[in-house]
Each structure stands twice: as C-alpha cells, then as structure tokens.
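In what follows, a single structure is set out as structure tokens and then discussed.
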Amino acid sequence: MAAGTDIRPSRRAVIGGAAALIVARPALAQQTGFLSDLSHPQGQRLLRVAVPRFASPPFFEKAGDPDAGIDVDMARAVAHALDLDLAFDRSATTFDEAVEQIARGDADLAVCKLSRTVRRGRLILYSRPYAALNHGLITNRVRFARLAAGHVADDVVRDFRGDLGVIAHSSFAEFATTSFPNAKVREYADWAAMVDAVRREEIDMAYRDDFEIKKLMVDDPSLTVVARSITLTDRTDTLAIGVRPDMAHLASFADLFLDLTRGDEMMKTDTIIARYRAARGA
C-alpha cells in the first residue's frame, strides 16, 4: 500500500455496520436503565405502540386488517432493536387521541404518520423527522373561480378568506390558524366527509398534506372534473415518532435508530406516492 494513502469506509458501509450492531446486539440495549420502564407487571418486556384504528396507507392499514405499512415496519424494527415484544394499540379514533395515549403513558410510542406540531410538542417528545411533505389544498373549481374573480391563484391562496375544511383533531386543524388566519375554518369528522363537502360546493377548499391529496387523485381520477389541487411549497409537514414525555432516553434511541438505519434520507411525497401506486396496482 502506498504511503500516505487514506483508506476510509464508505458512508453506506458505516451506516450499514452501525445499523447491524444496533439490531444484532440487543444485549447492549438491555444494559441501559430506561428499558426497565418498559417492563410491565406480568414481567413482560413490551413496547406499546399507538396507531389509530382507521387506515392511512401506505403507512398503516385499519384495525382488524393485517398490520402492514411503512410505520408498522418501522415500529417492528424499533422493537426488534430493543429486544422487546411489540403490541399495537389501535383504540385511538384520531391522531390527537394517539398523542394523548402516549402523553398519559398508556402507550410508549406513536408511529402513525404523526405530524409534529407546537401543541403536541408541549405534551410529548418527538424523534427527528423521517418524512417531509408539503401542505396542500383541494378546491372546488367553481367556488375557487368565484373567489378568484380574475385574480392570480397565488394571491387568492395567500390571503384566503373563504371556507376552509380541516379534519377535526388533526395537525392541519392546528396549522390552519397560522397558515390561513383569515379563513372560516370548518371541521369535519374525516377526510371522506371533507372531500364530499368540496364536491358539493359546501366549502371552498380542504386543507391537508400534499401526499393525501395526490393519493386521492390516484384513487378517484374523476375528481379532477370538479376539483383542483394546490401544493404550498413554503409549508412543510414533518412526520416523526411520538414518544412518552417521561422517556427522554427512548426518544434519543428513536433518533439514533433513524440515524443509523436511514442516514440523511427523508421520505418525500413522490417516493411515498410511488409506493402507494405500486401497492394498489395503479
């Protein structure tokens, strides 16, 4: 070997080796004190993960269906790295209820397409983000044309004062107050009800992440006849693992796990929608 040659392992090799260590040597994790807090009265070492009962593919399917999806796979990998059994709690009916579960200590993690928000951050801990989506709008074409009245669409959105639909107890119900302070916000029980409201010209726009809006167009291409989508490139919805507020070490472990298994990779809308299309055969 020539003198002075600098031999360094590739970045992928470093990440892969570290990830193998964290998964293959759970005995190291067992020596840390925080795992004792994940032991339960029956003596079972269990990681309890909150996931709402509804479906949000490709992140998770509805309760009662086979547990599958991006977040389900991630939860399984975290539990395996900790050498813990895994139990999904599917009792939450909203994302906020999943947050409340871990805030009370009824579950240890929430791995469920969970958006980071200021209000939730006062209740729980978060891992670093593993996905970043843009905010998006779906608007009724007739109502939006009436609102625009010849003005540029960007100007109408920037100073939107019409009826804005959000899903109750969701991150976008919180985001709406800062993104659209002059809008008349109307809450709906679920996404389907809000989309129906757009179809019926009951509201001007519905507010959610751009992935869900693009997914909607994959599922129902006919919707483009009555509605159009708008992506807000200056607004980002970051997804992360929610952690019990009394488990700072577990939150740090979640960060470490993501760093070692994903590196700098951050899932984006195009990647996730491609996975959704493939799963649906679209």
Side-chain angles (χ1 to χ4, degrees), residues 50-52 54 56 59-60 71 92-103 110-140 143-144 147 153-198 202-217 227-243 266-270 272-273:
V51 180
F54 54 82
S56 184
F59 293 92
F60 54 89
D71 285 346
T93 60
T94 67
F95 289 108
D96 275 356
E97 282 189 13
V99 169
E100 290 161 7
Q101 281 181 288
I102 58 174
V111 190
C112 54
K113 193 177 181 277
L114 190 67
S115 299
R116 299 191 307 167
T117 75
V118 171
R119 187 190 66 79
R120 291 173 180 173
R122 297 199 299 262
L123 301 174
I124 63 172
L125 302 174
Y126 277 111
S127 72
R128 72 161 179 81
Y130 62 85
L133 314 174
N134 286 119
H135 290 203
L137 299 162
I138 183 168
T139 177
N140 182 280
R143 286 192 61 139
F144 191 79
L147 275 174
D154 286 352
D155 293 339
V156 176
V157 171
R158 190 176 297 110
D159 189 32
F160 180 64
R161 296 172 181 270
D163 294 312
L164 182 70
V166 297
I167 299 173
H169 307 294
S170 72
S171 57
F172 283 85
E174 181 176 341
F175 294 150
T177 61
T178 53
S179 296
F180 301 102
N182 299 315
K184 304 176 187 69
V185 177
R186 299 180 61 176
E187 294 190 343
Y188 289 85
D190 53 41
W191 184 221
M194 190 160 65
V195 173
D196 283 344
V198 171
E202 183 180 303
I203 55 176
D204 299 303
M205 298 195 295
Y207 187 32
R208 208 175 178 190
D209 64 73
D210 69 333
F211 164 72
E212 292 294 342
I213 292 172
K214 289 180 179 180
K215 184 173 78 171
L216 182 66
M217 299 302 187
R228 59 174 288 192
S229 63
I230 300 170
T231 297
L232 307 180
T233 55
D234 61 342
R235 297 281 190 275
T236 304
D237 176 25
T238 50
L239 310 182
I241 298 172
V243 186
M266 184 86 73
M267 286 193 297
K268 299 292 182 67
T269 294
D270 288 346
I272 303 169
I273 202 71

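Small disclaimer: the values here were computed from a predicted structure and weren't measured.
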Task: S179 to R235 - nearest heavy-atom pair and separation - done: OG-NE, 3.4 Å
Open item on the list: Rounded to the nearest 0.5 Å, what separates atom CZ in R228 from atom CE in M205?
Closed with: 10.0 Å
Task: Rounded distance [0.5 Å steps], CG in L216 versus CG in D210 - done: 12.5 Å
Task: Nearest-0.5 Å distance, OG1 of residue T236 to CE of residue M266 - done: 9.5 Å
Open item on the list: For a quick test of reading the model, state the closest non-hydrogen atom pair linking W191 to A206 and the distance between them.
Closed with: CZ3-CB, 4.2 Å
Check residues 122-133 and write down every donor-acceptor pair under 3.5 Å in which the side-chain atom is one partner and the other belongs to a residue at least two apart or another chain.
| unit_1 | atom_1 | unit_2 | atom_2 | d |
| --- | --- | --- | --- | --- |
| Y126 | OH | S115 | O | 2.8 |
| S127 | OG | I241 | N | 2.9 |
| R128 | NE | D259 | OD1 | 2.6 |
| R128 | NH2 | L258 | O | 3.0 |
| R128 | NH2 | G263 | O | 2.9 |
| Y130 | OH | D71 | OD1 | 2.8 |
| Y130 | OH | D71 | OD2 | 3.2 |

Task: Side-chain heavy atoms of D96 within contact of R120, under 4.5 Å - done: yes
Task: Side-chain heavy atoms of K113 within contact of E212, under 4.5 Å - done: yes
- [ ] Taking all heavy atoms of V156 and all of F144, pick out the closest pair and write down the distance.
- [x] CG1-CE1, 3.8 Å
Open item on the list: Salt bridge or not between D237 and R208? Use side-chain N to carboxylate O under 4.0 Å.
Closed with: no
- [ ] Identify, with sequence neighbours excluded, every residue that meets side-chain contact (heavy atoms from CB on, under 4.5 Å) alongside N182.
- [x] D159, R161
Task: Results of side-chain contact (heavy atoms from CB on, under 4.5 Å) for A189 - residues two or more places apart only - done: none
Task: Heavy-atom side-chain proximity of Y207 to L137 below 4.5 angstrom - done: yes
- [ ] Taking the side chain as every heavy atom from C-beta outward, state whether T93 and H169 have any atom pair closer than 4.5 Å.
- [x] no
Task: Check against side-chain contact (heavy atoms from CB on, under 4.5 Å), M267 and F211 - done: CA-CA 11 Å; M267 286 193 297; F211 164 72; over 6 Å; no
- [ ] Report yes if some heavy atom in the side chain of R119 is under 4.5 Å from a heavy atom in the side chain of V99; otherwise report no.
- [x] no
Task: Minimum heavy-atom distance T139-D204, with the two atoms named - done: OG1-O, 2.8 Å
Task: Minimum-distance pair of heavy atoms, taken over all atoms of E202 and Y188 - done: OE2-OH, 2.6 Å
TODO: Could you tell me the separation between the OG atom of S170 and the CG atom of D190, rounded to the nearest 0.5 Å?
DONE: 11.0 Å
Open item on the list: Side chains of T231 and N134: any donor to acceptor distance under 3.5 Å?
Closed with: no
Task: Closest contact, heavy atoms only, M194 versus V166 - done: SD-N, 3.1 Å
TODO: Could you tell me whether the side chain of F59 reaches within less than 4.5 Å of the side chain of V111, counting heavy atoms only?
DONE: no
